[in-house]
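One structure is given here, and the rest of the page talks about it.
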Amino acid sequence: MKKILLIEDDVSIAELQRDYLEIDDFIVNIQHTGDAGLQQALQKNYDLIILDIMLPGVNGFEICKQIRAAKDIPILIVSAKKEDIDKIRGLGLGADDYITKPFSPSELVARVKAHLARYDRLAGNQSKMNTVFVHGISIDKASRKVHIHGSEVPFTTKEFDLLLFLVMHPNQVLSKEQLYESNWGMESAADVSTVTVHIRKLREKIERDPAHPKYLETVWGAGYRFNV
């Protein structure tokens with residue numbers, strides 16, 4: 001069941017919207033202030049957020065901006081403000097839709113379903129493109145998580161970037177300089193020895209026998225190659 005956060009200061013409107021959504025088997029949580037709504041949105045996982053603009057405390061525009069910076073979920077703004085500038089601002093901050101009050105609850109439910117379906121389709125397509133599988137290693141580029149033989153293994157930012165770069169260039173010999181330039185740029189005062197350190201850390205995580213690597217091979221005098 002999909003979970004929806006409804007941030008609306010008008011209690012009667014919020015309860016009416018919740019009732020219609022629950023009829024369609026959505027789980028709905030209500031917050032009546034901007035501060036509480038923002039906190040709830042950022043701390044808990046929801047599939048969609050319905051957001052009023054005029055709220056006590058933090059306004060809907062600021063809430064939309066902060067949610068969009070942190071999460072990729074549908075955001076529907078509802079407001080009694082009919083000015084085009086408000087619609088443009090809301091959509092410009094990352095909202096997926098702008099519904100002007102008054103509107104029928106059935107219209108809201110229809111829009112909620114449409115946006116959830118669209119996000120589900122996009123997520124399905126992106127998951128195929130964003131996940132790389134090789135040698136029992138699953139690399140999720142979107143979430144930046146790595147699973148090895150089904151178990152999640154923590155990687156630092158640079159370890160993840162280096163592993164992904166190697167995997168995306170299979171069977172190619174890449175020099176330390178190439179790996180350094182691609183993953184560190186000018187951040188570390190051009191000390192390519194940091195590549196050697198990170199290669200060793202990667203082997204400790206992905207190889208069954210790091211001392212005798214099977215996948216992440218050293219090509220003496222040339223660099224490293226990720227074998228597939």
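All residue numbers in this chain count up from 1 along the given sequence.
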Criterion side-chain contact (heavy atoms from CB on, under 4.5 Å) on V78 and Y98, from CA distance to verdict: CA-CA 6 Å; V78 297; Y98 190 108; over 6 Å; no

### Task
For I7 and I50, run side-chain contact (heavy atoms from CB on, under 4.5 Å): C-alpha distance rounded to whole Å, both residues' side-chain angles, the deciding distance at 0.1 Å, then the answer.
CA-CA 6 Å; I7 308 175; I50 301 172; over 6 Å; no

*Run the side-chain contact (heavy atoms from CB on, under 4.5 Å) check on I4 and V112 step by step: do they pass?*
CA-CA 9 Å; I4 295 174; V112 165; 3.7 Å; yes

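In this structure, K2 and D120 have side chains that are in contact, with non-hydrogen atoms separated by less than 4.5 Å. E159 is not listed as a side-chain neighbour of L163, based on a closest heavy-atom distance of 4.5 Å or more. I199 is listed as a side-chain neighbour of Y224, based on a closest heavy-atom distance under 4.5 Å.
Note on V228: it clusters hydrophobically with M168, by side-chain heavy-atom contacts below 4.5 Å among ILVMFWY residues. The cluster map of Ile, Leu, Val, Met, Phe, Trp and Tyr, joined by side-chain heavy atoms under 4.5 Å apart, puts V153 and F160 in the same cluster. The hydrophobic clustering, which links ILVMFWY residues whose side-chain heavy atoms are closer than 4.5 Å, places I75 and Y119 apart. Note on V134: it clusters hydrophobically with L164, by side-chain heavy-atom contacts below 4.5 Å among ILVMFWY residues. L76 and L93 fall into different hydrophobic clusters, where Ile, Leu, Val, Met, Phe, Trp and Tyr side chains are chained together by heavy-atom contacts under 4.5 Å.
In this view, K145 and S143, H147, E152 satisfy the side-chain contact (heavy atoms from CB on, under 4.5 Å) rule, not counting sequence neighbours. Annotation: side-chain hydrogen bond (donor to acceptor under 3.5 Å, both in side chains) contacts of T218 (sequence neighbours excluded): R203. Not counting sequence neighbours, H115 has no partner by the ring pair (Phe, Tyr, Trp, His ring centres under 6.0 Å) test. E107 is linked by a salt bridge (charged side-chain N to carboxylate O under 4.0 Å, His left out) to R111, counting only residues two or more places apart in sequence or in another chain. Annotation: side-chain contact (heavy atoms from CB on, under 4.5 Å) contacts of S106 (sequence neighbours excluded): S104. Partners of F103 under the ring pair (Phe, Tyr, Trp, His ring centres under 6.0 Å) rule, at least two apart in sequence or in another chain, do not exist in this structure. Evaluation of the salt bridge (charged side-chain N to carboxylate O under 4.0 Å, His left out) rule for E207 yields no partner, not counting sequence neighbours. Every residue two or more places apart in sequence or in another chain that forms a side-chain hydrogen bond (donor to acceptor under 3.5 Å, both in side chains) with R68 is listed here: D96.
Around NE2 of H149, the count of heavy atoms belonging to other residues, nucleotides or ligands within 6.0 Å exceeds 12.
Applying the side chain to side chain donor-acceptor pair (under 3.5 Å) rule to pairs touching residues 34-49 yields N29-Y46, Q40-Y46, sequence neighbours excluded. Counting only residues at least two apart or in different chains, side chain to side chain donor-acceptor pair (under 3.5 Å) contacts with residues 14-25 comprise D24-K113.
Here the straight-line distance linking atom CG of D52 with atom CD1 of I13 works out to 7.5 Å at 0.5 Å rounding. Note: I49 CD1 to L6 CG = 10.5 Å, rounded to the nearest 0.5 Å. Atom-to-atom distance recorded for L174:CG and E181:CD is 12.0 Å, nearest 0.5 angstrom. For the atom pair NZ (K158) and CG (L162), the distance works out to 9.5 Å, reported to the nearest 0.5 Å. To the nearest 0.5 angstrom, T156 atom OG1 is 9.0 Å from R144 atom CZ. For the atom pair CG of L166 and CG of L179, the computed distance is 5.5 Å after rounding to the nearest 0.5 Å.
Across every non-hydrogen atom of I77 and G90, the tightest pair is CD1-CA, 3.8 Å. G37 and L5 make their closest contact through O-CD2, 3.7 Å (heavy atoms, listed as atom of the first residue, atom of the second, distance). Taking each heavy atom of K71 and A41 in turn, the nearest pair found is NZ-O, 2.8 Å.
Looking only at distances, a side-chain donor or acceptor of H135 sits under 3.5 Å from a matching main-chain atom of N227. Listed for the E8 side chain is a donor-acceptor partner under 3.5 Å among the backbone atoms of D10.
Among I137, L216, I206, V132, the single residue meeting the side chain to side chain contact (heavy atoms under 4.5 Å, CB included) criterion with V167 is V132.
The side-chain tip of K205 points at the ring of F155 from less than 6.0 angstrom away and within 45° of straight on.
Under 3.5 Å, the side chains of S79 and K101 contain no donor-acceptor pair of N or O atoms.
Other members of the cluster containing V173 are V219, with ILVMFWY side chains joined at under 4.5 Å, either directly or via other members.
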Identify all side-chain donor-acceptor contacts of residues 55-67 below 3.5 Å with residues at least two apart in sequence or on another chain.
unit_1	atom_1	unit_2	atom_2	d
N59	OD1	F61	N	2.9
N59	OD1	E62	N	2.9
E62	OE2	Q66	NE2	2.9

